[in-house]
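These notes are about the structure you will find just below.
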Amino acid sequence: MWPCAFRAAFARPEHQRNSGFPMHRYRTHTCAQLRPDEVGNTVRISGWVHRIRDHGGVLFFDIRDHYGLTQCVIDPDSSAFGLAETIRAEWVVRIDGTLKARSADTVNADLPTGQVEIFIEEIEVLGAAGDLPMPVFGEQEYPEETRLKYRFLDLRRERLHNNIVTRSKIVAYLRARMAERGFSEFTTPVLTASSPEGARDFLVPSRIHAGRFYALPQAPQMFKQMLMVAGFDRYFQIAPCFRDEDPRHDRAGEFYQLDVEMSFVEQDEIFETFEPVIRGVFEEFGGNKRVTPKLERIPFATAIKKYGTDKPDLRNPIVMENVTSHFAGSGFGVFANQIAADDKVEVWAIPAPGGGSRAFCDRMNKWAQSEGQPGLGYIFYREGEGAGPIAKNIGTERTEALQTQLGLNVGDAVFFVCGLPGKFSPFAGSARTRVGTELKLIDTDRFALCWIVDFPMYEHNEEENRVEFSHNPFSMPQGGIKALEEKNPLEINAYQYDLVCNGYELASGAIRNHSVEIMRKAFDIAGYGPEVLEAEFGGMLRALDFGAPPHGGLAAGVERIVMLICGEHNLREVTAFPMNQQGEDLLLGAPGKATATQLRELHLKLNLPKA
RNA sequence: GGGGGUGUAGCUCAGUUUGGUUAGAGCGCCGGCCUGUCACGCCGGAGGUCGCGAGUUCGAGUCUCGUCACUCCCGCCA
């Protein structure tokens with residue numbers, strides 16, 4: 001409820017105390033300040049009418065501001081009683097009155113100001129309010145459309161209000177920690193050049209240059225590298241980033257990153273520098289949830305094998321294992337035949353501790369089918385035997401061997417996926433998550449952080465049958481030029497890493513490629529000739545050609561950090577003015593139409609799709 | 001672009017499976033009562049094109065088709 005959260009968030013801000021000063025136009029105290037030590041004083045507060053309780057002869061108003069709540073009382077003896085009876089919820093009022101102690105039986109222990117109340121002598125209406133499309137009081141859920149259209153009301157509500165305050169504090173904390181470590185904050189252009197790799201750009205037409213466009217930055221990647229080339233050594237920025245892709249619960253077209261770059265460093269030093277910042281923010285703001293004390297570094301390939309994803313939720317104790325040998329040549333033809341036909345085929349096991357019932361296994365199988373899979377094979381172990389169709393087919397010996405390898409007990413189950421690991425690993429990963437969630441194996445009382453390292457430099461694009469960059473093309477390949485010249489591109493790793501928390505990618509970064517020679521070779525392998533490289537990344541190449549220091553960094557998603565800390569599951573719950581899922585701002589009506597004059601000035605003609 | 005879900009009072013929802021008299025509840029709003037509440041309480045009232053359109057039927061909130069909106073997921077995206 002309101003009072004408790006406000007007690008934690010805004011306990012009596014000292015700079016706001018006005019006692020002893022001449023009467024201020026609007027307030028002598030905020031709505032969180034008054035205590036028994038001021039009983040008898042004439043006080044003035046301003047705020048919103050949070051809740052009214054009308055007892056006929058006596059009226060109670062809870063007055064709310066950013067800092068808290070104060071109960072005000074009025075009875076017919078007061079000259080303001082007539083006006084008081086007309087006041088409604090969410091009006092903004094100024095109240096003058098005498099502070100009184102509440103009697104022992106009327107103290108409200110849940111309210112920081114609950115030992116006192118103001119006896120109203122005068123009321124001034126500062127801002128009346130019409131009928132509300134959505135009440136501020138209470139915890140009722142409302143349609144997102146309504147919430148976004150009346151965001152100013154939604155933002156008054158306790159939970160969202162607190163989230164936004166927490167976000168502000170987190171950003172201030174991040175800035176302070178970065179500054180302490182010798183980083184300087186720079187701003188970089190928002191109107192910039194389109195980048196050929198990555199997501200779709202938002203474009204802004206140029207009035208001065210007919211037919212040319214600025215792009216909004218997907219990230220200040222080039223600029224921060226330029227700053228390193230310029231010798232600034234340690235850069236950071238709470239950087240606005242823009243990507244014109246469909247929004248999701250954990251990503252928006254417009255978002256902020258804590259963007260970081262350092263010169264003369266190797267991967268380890270970046271980790272050592274940034275780890276205390278990210279761990280610190282969770283320790284500082286994460287309530288009593290435990291935070292991983294030392295971040296494990298998991299190679300990309302290992303993460304895929306054990307968790308089926310490069311952003312594993314380590315709160316989930318399930319670790320997958322390769323169990324191909326138990327099925328090769330077994331009586332379970334569905335798997336055995338695939339294994340015999342292709343030596344790249346593997347069978348992975350997803351242990352399900354405590355999931356050893358036919359009902360649960362069938363439920364998982366149904367779920368797999370709803371995900372477009374043929375099904376999800378399983379064995380469940382009950383007293384004296386492994387049960388289920390697979391157990392029957394592969395026989396007692398193999399069933400027991402599986403049990404031994406996976407350390408399963410009576411009452412446990414295990415699920416199997418079979419095929420080419422590159423194809424099924426995402427599904428295996430979501431099955432692991434599903435099992436962990438359904439069986440309540442996930443410890444929600446912690447932030448489980450880790451680094452994922454050694455991302456592959458390249459991957460094979462099957463549709464176009466070519467090699468392409470799997471991540472950032474500016475990452476330094478491990479082994480440098482030698483690796484590029486001698487190794488199979490698909491086996492080269494990059495100094496590329498992610499920071500993961502509870503299944504979310506919180507940050508991504510790399511040691512950059514600061515050598516023109518290696519850059520040329522790296523792009524050559526991905527099918528970009530020198531001319532293309534020059535045309536698309538000429539500025540970057542020139543910079544590297546004039547004395548570039550070795551450098552690297554990362555960028556952390558601010559909203560995702562805040563979201564995890566606030567216990568929310570949607571970025572829009574930690575963003576003051578978010579767009580809806582169609583990329584519209586329902587409050588101010590963006591995107592809007594351009595006038596004919598605006599279009600003419602921009603040298604644009606609309607070519608709208610036929611209705 | 002594809003798939004799922006939802007659409008009934010200002011808001012949250014029930015009613016739809018099995019078509020049948022006047023479509024209900026809580027919150028909010030309006031009126032009345034109430035001097036100690038803090039989710040105040042009690043009495044009364046207003047408020048509905050059941051998203052929209054067509055169809056089936058003696059009869060549609062309920063069944064069918066279409067359509068729109070919202071929402072979640074996939075595609076896309078680090």
Side-chain angles (χ1 to χ4, degrees), chain A residues 1-3 50-64 69-78 81 85-86 88-90 100 102-111 113-114 117 119 129-150 153-154 197-201 218-219 221 241-253 255 257 300 309-311 370-372 426-427 430 452 455 469-473 475 496-500 504-510 554-557 560 569-570 572 580-582 584 586 609:
Chain A
M1 269 310 296
W2 196 275
H50 188 61
R51 193 86 174 136
I52 303 166
R53 291 174 295 280
D54 182 351
H55 289 242
V58 62
L59 260 165
F60 297 94
F61 293 95
D62 292 335
I63 304 298
R64 181 194 76 238
L69 283 178
T70 296
Q71 175 166 285
C72 302
V73 199
I74 191 166
D75 69 22
D77 296 340
S78 170
F81 191 75
E85 285 186 307
T86 68
R88 293 293 172 265
E90 294 310 308
K100 295 197 171 177
R102 298 204 205 178
S103 65
D105 57 324
T106 60
V107 162
N108 184 346
D110 294 331
L111 203 61
T113 59
E117 63 194 2
F119 195 86
D131 280 354
L132 300 167
M134 177 178 70
V136 172
F137 174 83
E139 307 243 295
Q140 179 83 60
E141 294 207 35
Y142 294 89
E144 184 145 66
E145 200 182 1
T146 307
R147 294 179 56 197
L148 293 178
K149 186 170 175 189
Y150 300 96
L153 290 179
D154 200 21
E197 290 278 331
R200 194 179 296 115
D201 286 316
Q218 297 189 21
Q221 183 65 32
C241 303
F242 306 88
R243 290 171 195 170
D244 187 4
E245 302 294 344
D246 286 9
R248 285 283 189 280
H249 72 104
D250 63 345
R251 67 178 211 237
F255 60 101
Q257 289 187 332
F300 173 86
T309 173
D310 60 0
K311 40 185 189 233
S370 76
E371 295 285 297
F427 168 69
S430 55
I452 306 296
F455 276 80
F469 290 113
S470 66
H471 249 74
N472 185 322
S475 299
Q496 166 82 46
Y497 38 83
D498 280 1
L499 193 152
V500 171
Y504 286 95
E505 179 196 309
L506 279 198
S508 187
L554 49 70
R560 285 186 184 172
H569 297 94
N570 192 316
R572 296 191 288 272
N580 70 4
Q581 213 171 217
Q582 283 76 250
E584 296 167 300
L586 299 179

Item to check | Sugar-phosphate only, base, or nothing, as touched by Gly198(A) at under 4.0 Å among non-hydrogen atoms | outcome: sugar-phosphate
Next on the checklist: Rounding to an integer number of angstrom, what distance separates rU56(B) and rC76(B) when you compare their P atoms?
Outcome noted: 45 Å
Checklist entry - Below 4.0 angstrom from OP1 or OP2 of rC30(B), is there any side-chain N or O of Arg88(A)? => result yes
Checklist entry - Expressed as a whole number of Å, how far does the C1' atom of rU22(B) sit from that of rC50(B)? => result 15 Å
Next on the checklist: Considering every strand and a 4.0 Å limit on heavy-atom distances, what is the contact class for Gln496(A): base, sugar-phosphate, or nothing?
Outcome noted: nothing
Checklist entry - Touch check for Gln581(A), heavy atoms < 4.0 angstrom, all strands: base, sugar-phosphate only, or nothing? => result base
Checklist entry - Which is true for Pro76(A) with a 4.0 Å heavy-atom rule: it touches a base, it touches only sugar-phosphate, or it touches nothing? => result nothing
Checklist entry - What nucleotide, of rC11(B), rC72(B), rC70(B), holds the atom closest to the side chain of Arg572(A)? => result rC72(B)
Checklist entry - Do the ring planes of Phe300(A) and Phe455(A) sit parallel (below 30°), tilted (30 to 60°) or perpendicular (above 60°)? => result tilted
Checklist entry - Checking only heavy atoms, does the side chain of Asp244(A) share a donor-acceptor pair with the base of rC77(B) at less than 3.5 Å? => result no
Checklist entry - What is the nucleic acid contact for Ser470(A), judged by heavy atoms within less than 4.0 Å: base, sugar-phosphate only, or nothing? => result base
Next on the checklist: Within the 4.0 Å heavy-atom criterion, would you say Ser508(A) contacts the bases, only the backbone, or no part of the nucleic acid?
Outcome noted: sugar-phosphate
Next on the checklist: Are Arg560(A) and Gln257(A) packed together at the side-chain level, in the sense that at least one heavy-atom pair is separated by less than 4.5 angstrom?
Outcome noted: no
Next on the checklist: Checking base pairs now: Watson-Crick or wobble, both atom distances under 3.5 Å. What partners rC70(B)?
Outcome noted: rG5(B)
Checklist entry - Are Arg147(A) and Tyr142(A) in a cation-pi setup, meaning NZ or CZ lies under 6.0 angstrom from the ring centre and within 45 degrees of the ring axis? => result no
Checklist entry - What is the nucleic acid contact for Phe60(A), judged by heavy atoms within less than 4.0 Å: base, sugar-phosphate only, or nothing? => result base
Checklist entry - Do Arg51(A) and rC40(B) share a donor-acceptor pair, side chain to base, under 3.5 Å? => result no
Checklist entry - Is His55(A) stacked on the base of rC40(B), with ring centres under 5.5 Å apart and planes under 30° apart? => result yes
Checklist entry - Could you walk me through whether Ile52(A) and Phe60(A) pass the side chain to side chain contact (heavy atoms under 4.5 Å, CB included) check? => result CA-CA 6 Å; Ile52(A) 303 166; Phe60(A) 297 94; over 6 Å; no
Next on the checklist: What's the gap between rG51(B) and rG10(B) when it is taken at their P atoms, as a whole Å value?
Outcome noted: 13 Å
Checklist outcome for this item: Any strand, both distances under 3.5 Å, Watson-Crick or G-U wobble: rC76(B) pairs with none
Next on the checklist: What is the separation between atom CD on Glu117(A) and atom C1' on rU35(B), rounded to the nearest whole Å?
Outcome noted: 12 Å
Checklist entry - Distance check: side-chain N/O of Arg53(A) vs OP1/OP2 of rC40(B), anything under 4.0 Å? => result yes
Checklist entry - Quick one: on RNA chain B, does Gln582(A) or Lys311(A) contact a more 5' nucleotide (nearest heavy atom)? => result Gln582(A)
Next on the checklist: Only pairs with both distances under 3.5 Å count, Watson-Crick or wobble alike; so what is the partner of rG19(B) in this structure?
Outcome noted: none
Item to check | Heavy atoms from other residues, nucleotides or ligands near CD of Gln582(A) exceed 12 (cutoff 6.0 Å) | outcome: yes
Checklist entry - Which is true for Asp54(A) with a 4.0 Å heavy-atom rule: it touches a base, it touches only sugar-phosphate, or it touches nothing? => result base
Next on the checklist: Looking at Glu90(A) and Arg64(A), is any side-chain nitrogen of the basic one under 4.0 Å from a carboxylate oxygen of the acidic one?
Outcome noted: yes
Next on the checklist: In whole Å, measure the gap between the P atoms of rA60(B) and rG19(B) for me.
Outcome noted: 14 Å
Checklist entry - Has the side chain of Asp246(A) got a donor or acceptor that lies under 3.5 Å from a partner of the other kind on the base of rG75(B)? => result yes
Checklist entry - Which part of the nucleic acid, if any, lies within reach of Gln71(A) when heavy atoms closer than 4.0 Å are counted: base, sugar-phosphate only, or nothing? => result base
Checklist outcome for this item: Here the distance between atom P of rC40(B) and atom CG of Leu111(A), to the nearest Å, is 13 Å
Checklist outcome for this item: Of the candidates rC73(B), rU12(B), rG36(B), the side chain of Arg248(A) sits closest to rC73(B)
Checklist entry - Pick the nucleotide of RNA chain B nearest each of Thr146(A) and Val73(A); which residue has the one closer to the 5' end? => result Thr146(A)
Checklist entry - Any side-chain donor paired with an acceptor under 3.5 Å for Arg53(A) and Gln71(A)? => result yes
Next on the checklist: When you measure only distances, ignoring hydrogens and angles, does the side chain of Gln140(A) come within 3.5 Å of the base of rG28(B) through a donor and an acceptor?
Outcome noted: no
Next on the checklist: Work out how far the P atom of rU6(B) is from that of rU62(B), and round it to whole angstrom.
Outcome noted: 15 Å
Checklist entry - What distance, rounded to whole Å, do you find between the two P atoms, one in rA25(B) and one in rG47(B)? => result 14 Å
Checklist entry - Is any side-chain N or O of Arg251(A) under 3.5 Å from a base N or O of rC76(B), one able to act as donor and the other as acceptor? => result yes
Item to check | side chain to side chain donor-acceptor pair (under 3.5 Å) assessment of Asn580(A) paired with Glu144(A) | outcome: CA-CA 8 Å; Asn580(A) 70 4; Glu144(A) 184 145 66; over 6 Å; no
Item to check | Out of rC70(B), rC40(B), rC72(B), whichever nucleotide has its closest atom nearest the side chain of Glu144(A) | outcome: rC72(B)
Checklist outcome for this item: Mate of rG44(B) across any strand shown (Watson-Crick or G-U wobble, both atom pairs under 3.5 Å) is rC30(B)
Item to check | rC38(B) phosphate, OP1 or OP2, under 4.0 Å from Arg64(A) side-chain N/O | outcome: no
Item to check | Which nucleotide in rG36(B), rG75(B), rC70(B) has an atom nearest any side-chain atom of Glu584(A) | outcome: rC70(B)
